[in-house]
Amino acid sequence: MPKATLLLTGGLGYIGSHTAVALAAAGYDFVILDNGSNASVGVLQGLQKIIGISPEFIRADVRDAQVLRDLFAHRKFEGIIHFAGLKSVGESCEKPAEYWDNNVIGSLTLVREALNAGIKKIVFSSSATVYDASNISPLREDAKLGTSNPYGTTKLVVEKLLEDFARSQGLQVVSLRYFNPIGAHESGWIGEKPSGIPANLFPYVMDVATGKREKVSIFGDDWPTPDGTGVRDYIHVMDLAEGHIAAWEALSSGKLKTHQDFETSCNNESRRGTNVASSCNQEGLFFACNLGTGCGTSVRELIEVSREVTGHLIPAIITSRRPGDVAAVWANVSLAQTIFGWTAKRKLRQAVEDGWRFKSQQT
Ligand code: WQD
């Protein structure tokens, strides 16, 4: 008997597919709804090899209200993990309308149809990009919010949308703010496959390791960091996936709904602040939480570990800083530990090893 049946929107994507593996391992049933725009159906084959069954998959877009209405009329879901959305910072600057349509209109359509069907629990795929660039790391959930690109803005707007529905419609939301997911499931059957030129560091480094690309450009070595290169919080994608299970179990168990416990734990964490990281009223709830390792790794360090793991030279040159970049971003992860009992377990090297295994099996 499954623990619950969840809807995974965008479940063929990088984080969604790894969360599907973690859900199966934890005894959950799930249905994947994905428009296939950023994932191949090869992911379904990979999932079948890992979990032993072919996941139930609906090729649809979360902006299609009728599809959602029909689905919810015929299937009972205890909740939704909402991954569906576009996620490239650079692309969002070129195509803001697509990002607002997919990420914001898609989320509004999903929430409206879910509430109409009586589905009130949602775990949302948010991002550390909602934090203002002026913050000093490690970042807490009540740090100043602010965005500098349409991608980050749509994530922040959807958080605000969800908070409004929590306050007025009784929606119960956990918003998970990802830092920098990297790596792949240990089997190598699923992993990160960006279309086109990778915008993010790790997949680009893997392309250089395979010889697909010539060299890595290090965007500045004059940052105020220990070795002058950018510092980020790289979290193994399977740790991130397991963080979703922990978040769902805290939400579905009613733990987060116990207003007093929740307030106490928040106060203990002294998280009350101007940017409300959490707000509870009656049955509605909005709770934002970081998912990271709590450790910062520099560009040079990640390239060096990748050289050791792959055995390839991975040439790198120093170039100018990338517009919009900041020196250092990493998470304060104490809230996830206190409230969900979750911490990242896997080390950076394992993420590189698992990511390299996936990459090697792809070429
Ligand atoms: C990491 C570091 C760069 C590429 C992303 C996006 C988004 C978010 C995760 C979910 C920085 C440097 C990069 C390269 C480099 N995910 N770099 N050469 O900038 O933290 O942003 O965070 O929301 O995907 O917001 O990740 O991998 O692009 O950059 O030197 O070719 O690597 O300057 O210091 P970032 P990133």
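In each ligand, atom 1 is the first atom listed, and ligand 1 is the first ligand listed. Only heavy atoms go into these numbers, but all of them, side chains included; no hydrogens, no water, no symmetry mates.
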Next item on the list: Go through ligand 1 atom by atom and flag the ones less than 4.0 Å from a non-hydrogen atom of F179.
Entry: 9 (C)
Notebook entry, point to check: Mind checking whether D325 has a heavy atom under 4.0 Å from ligand 1?
Noted result: yes
Notebook entry, point to check: Can we call the ring centroids of F124 and F286 under 6.0 Å apart?
Noted result: no
Next item on the list: Provide, to 0.1 Å, the distance between atom 27 (O) of ligand 1 and the closest protein heavy atom, together with that atom's residue and name.
Entry: L201 N, 2.8 Å
Notebook entry, point to check: Does a sphere of radius 6.0 Å around CH2 in W223 hold more than 12 heavy atoms from other residues, nucleotides or ligands, not counting ones at 6.0 Å or beyond?
Noted result: yes
Item checked: Any donor-acceptor pair under 3.5 Å from E78 side chain to L6 backbone -> no
Notebook entry, point to check: Which of the numbered atoms in ligand 1 are below 4.0 angstrom from a heavy atom of K87?
Noted result: 24 (O)
Check: Just which atoms of ligand 1 are under 4.0 Å from any heavy atom in T129?
Finding: 25 (O)
Item checked: Whether over 12 other heavy atoms sit under 6.0 Å from I136 CD1 -> no
Check: So do the side chains of N200 and E192 get within less than 4.5 Å of each other, counting heavy atoms only?
Finding: yes
Check: Among protein heavy atoms, which lies nearest atom 1 (C) of ligand 1, and at what distance?
Finding: Y234 OH, 3.4 Å
Next item on the list: Classify the ring geometry between F83 and H244 as parallel (under 30°), tilted (30 to 60°) or perpendicular (over 60°).
Entry: tilted
Margin query: Using a 3.5 Å cut-off on N or O atoms only, is V326 in polar contact with ligand 1?
Written below: no
Next item on the list: Return the option from F219, Y151, W223, Y204 holding the heavy atom at the smallest distance from atom 4 (C) of ligand 1.
Entry: F219
Notebook entry, point to check: Can a non-hydrogen atom of Y14 be found less than 4.0 Å from any atom of ligand 1?
Noted result: no
Item checked: From the candidates D207, V89, N180, the one that places a heavy atom nearest atom 22 (O) of ligand 1 -> N180
Check: Applying a 4.0 Å heavy-atom criterion (strictly less than), which segment of K155 is in contact with ligand 1: side chain, backbone, both, or neither?
Finding: neither
Next item on the list: Please check if the side chain of D164 supplies one atom and the backbone of L161 the other of a donor-acceptor pair under 3.5 Å.
Entry: no
Next item on the list: Flag S126 as yes when one of its N or O atoms lies below 3.5 Å from any N or O atom of ligand 1, and as no otherwise.
Entry: no
Next item on the list: Pull out every atom of ligand 1 sitting under 4.0 Å from any heavy atom of I218, numbered as shown with elements.
Entry: 30 (O)
Margin query: Is the contact between A199 and ligand 1 made by the side chain, the backbone, both, or neither, using heavy atoms and a 4.0 Å cut-off?
Written below: backbone
Next item on the list: Identify, with sequence neighbours excluded, every residue that meets ring-ring contact (aromatic ring centres under 6.0 Å, His included) alongside Y99.
Entry: none
Notebook entry, point to check: In the protein, what heavy atom is nearest to atom 19 (O) of ligand 1, and what distance, to one decimal place, separates them?
Noted result: R322 NH2, 2.7 Å
Notebook entry, point to check: Identify the closest protein heavy atom to atom 36 (P) of ligand 1: which residue and atom is it, and at what distance?
Noted result: N200 ND2, 3.5 Å
Check: Is a side-chain N or O of Q361 found less than 3.5 angstrom from the main chain of G188, in a donor-acceptor match?
Finding: yes
Next item on the list: Do me a favour and list the nearest non-hydrogen protein atom to atom 18 (N) of ligand 1 with residue, atom name and distance?
Entry: S217 O, 2.7 Å
Next item on the list: Check the hydrophobic clustering (I, L, V, M, F, W, Y; side-chain heavy atoms under 4.5 Å; chains of links allowed) and say if L201 and Y178 are grouped together.
Entry: no
Next item on the list: Assess whether atom CD of Q66 is packed by more than 12 heavy atoms of other residues, nucleotides or ligands within 6.0 Å.
Entry: yes
Notebook entry, point to check: Are any of the heavy atoms in F202 under 4.0 Å away from ligand 1?
Noted result: no
Notebook entry, point to check: Do E163 and R167 sit within salt-bridge range, that is, some charged N less than 4.0 Å from a carboxylate O?
Noted result: yes
Item checked: Residue portion contacting ligand 1 (non-hydrogen atoms closer than 4.0 Å) for Y178 -> neither
Item checked: Under 4.0 Å to a heavy atom of S127 - the qualifying atoms of ligand 1, by number -> 10 (C), 23 (O)
Next item on the list: Determine whether the side chain, the backbone, both or neither of S88 has a heavy atom under 4.0 Å from any heavy atom of ligand 1.
Entry: neither
Notebook entry, point to check: For atom 32 (O) of ligand 1, which candidate among T297, V205, I318, V299 provides the closest heavy atom?
Noted result: V299
Note to self: Taking NZ in K3 as the centre, count heavy atoms belonging to other residues, nucleotides or ligands within less than 6.0 Å. Is the count above 12?
What the structure shows: yes
